[in-house]
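Worth saying up front: this structure is predicted, and the values here are computed from it rather than measured. Every chain is numbered from 1, with letters handed out A, B, ... down the list of sequences.
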There are 2 protein chains.
Amino acid sequence: MASRSTAKKEALKTLLVLERFLPYRLNVLASLTSNALAQIYAERFGLSIPAWRVIATLGQYDVRTARDIATHGVMHKSTVSRAVSSLEQRGLIVRRPNEDDRREELLALTPEGSAIYESLAPQALAFEEHLVSVLKPQEQELLVSLIDKLSRHARSLTREGEGEA
Amino acid sequence: MASRSTAKKEALKTLLVLERFLPYRLNVLASLTSNALAQIYAERFGLSIPAWRVIATLGQYDVRTARDIATHGVMHKSTVSRAVSSLEQRGLIVRRPNEDDRREELLALTPEGSAIYESLAPQALAFEEHLVSVLKPQEQELLVSLIDKLSRHARSLTREGEGEA
DNA sequence: ACTTATTGGTTGCATGAGCAACGGTTTCTG
DNA sequence: CAGAAACCGTTGCTCATGCAACCAATAAGT
């Protein structure tokens, strides 16, 4: 399992160790947590990640437009659009045209949607707590502050602050 | 922009603040860094994330099977399979059947693949360095150790250690 | 040795997401 | 006030990806 240091030709030297590469580590960790979390909202409620983010945002803010949700959840507007359609079909949210600006639609959770939110949010928080329970409270704070600092910086490296899921 | 605390019915209370939710934060940060990094290997070399991981792994280990790469890069085997096909077509890697076990194929970079690796890896490292330059060296170490601790723990919460990109 | 289970890798299928173009509205500008 | 520009949201297209079924090869069990 070790490295064959001398191949036929000059062995190319190891420039980068993937497991130590920060973007890789971040992706792995994000994937792990996303997947674990998805087991909650996908298996139990049939929600996709975007759908879950829509619900979480509406649970947090009561009423928002699709665009607000996209910005807030760092999702593409088409992603949000489809998630919203699907949630509406399932009767979890309602859309109401904004009479002041008829381009946009105000979205809100239905009672059924709220019920899901109220059931899901505590489970999500419990998961989070369980996840970070390996860290000391002090470490938890530190982690969050480091992540935020990095995120702010990373945002400035990309052209914009848009993105995907 | 604040919360309308008293809606028609009982306003549902905010249970979860998305921006403070760790899995969300991790996803945002991972997306930001992935996208920024992808600008390097996608725009300049036309590589996808899986392709880049294959190259990085082969650059690191010289010779591996597809399965090794999948495990190592936390990718699905079908993802790796397709990435490998595409890289082979482009002449960046070669496959050689393992005579000892003819189910598997040994993969290695071609000179062209190595050239890309040798050009790309330093750029990736430079990007990483630039990214973490907002953190003090001490903070960088801390971040990595926290991430690793969390990753190990998260892995134990999922059924397996497989995943996606 | 023969059957059965396991493993490495590929591929068809369905889903999901980004992109870009579009329709309908509002705002900005002259 | 008319035309251009910006903006919200939708949709067709394409591509990436996870899943599951599958083929070929090896290992395990009897």
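Residue H76(B) contributes atom NE2, which lies 17 Å from atom P of dT15(C) at whole-angstrom precision. As rounded to whole Å, 9 Å separates atom P of dG9(C) from atom CD1 of I69(B). Atom P of nucleotide dT10(C) and atom CG of L87(B) are separated by 12 Å, given to the nearest angstrom. In this entry the distance linking CG of D68(B) with C1' of dG8(C) reads 11 Å, nearest Å. Note: CZ (R67(B)) to P (dT10(C)) measures 14 Å, nearest angstrom. At whole-Å resolution of the value, CZ in R53(A) and C1' in dA17(C) are 13 Å apart. The separation between M75(A) atom CE and dA17(C) atom P is 9 Å, rounded to whole Å. Atom CG in N35(B) sits roughly 14 Å away from atom C1' in dC19(C) (whole-Å rounding).
Not one side-chain nitrogen or oxygen of S78(A) sits closer than 4.0 Å to the OP1 or OP2 atom of dA17(C).
Using bins of under 30°, 30° to 60° and over 60° for the plane-to-plane angle, the ring pair H153(A)/H130(B) lands in the perpendicular bin. The aromatic rings of Y61(B) and H72(B) stand perpendicular to each other, their planes meeting at an angle above 60°, with 30° marking the opposite boundary.
Of the candidates dG9(D), dC19(D), dA17(C), dA17(C) carries the atom nearest the P50(A) side chain, counting heavy atoms from C-beta on. Side-chain atoms of K77(A) lie closest to dT10(D) of the nucleotides dT10(D), dG9(C), dC13(D). For R82(B), counting side-chain heavy atoms from C-beta on, the closest listed nucleotide (dC19(D), dA20(C), dG9(C)) is dC19(D).
Residue E19(B) places its CD atom among more than 12 non-hydrogen atoms of other residues, nucleotides or ligands, all under 6.0 Å distant. The local environment of CD in E141(B) is sparse, with at most 12 non-hydrogen atoms from other residues, nucleotides or ligands closer than 6.0 Å.
Nucleic acid contact class of S48(A) (heavy atoms, under 4.0 Å, all strands): none.
Proximity of I93(A) to L58(A): side-chain heavy atoms (C-beta onward) are separated by under 4.5 Å at one or more points.
For the pair R67(A) and E104(A), the salt-bridge criterion is not met [side-chain N within less than 4.0 Å of a carboxylate O].
Checked by distance alone, R64(B) brings no side-chain donor or acceptor within 3.5 Å of a matching partner on the base of dG8(C).
Side-chain polar atoms of E128(A) and Q140(A) form no donor-acceptor pair below 3.5 angstrom.
The stretch residues 93-105 of chain A touches DNA chain D through R95(A), R103(A), E104(A), E105(A), each having a heavy atom under 4.0 angstrom from the strand.
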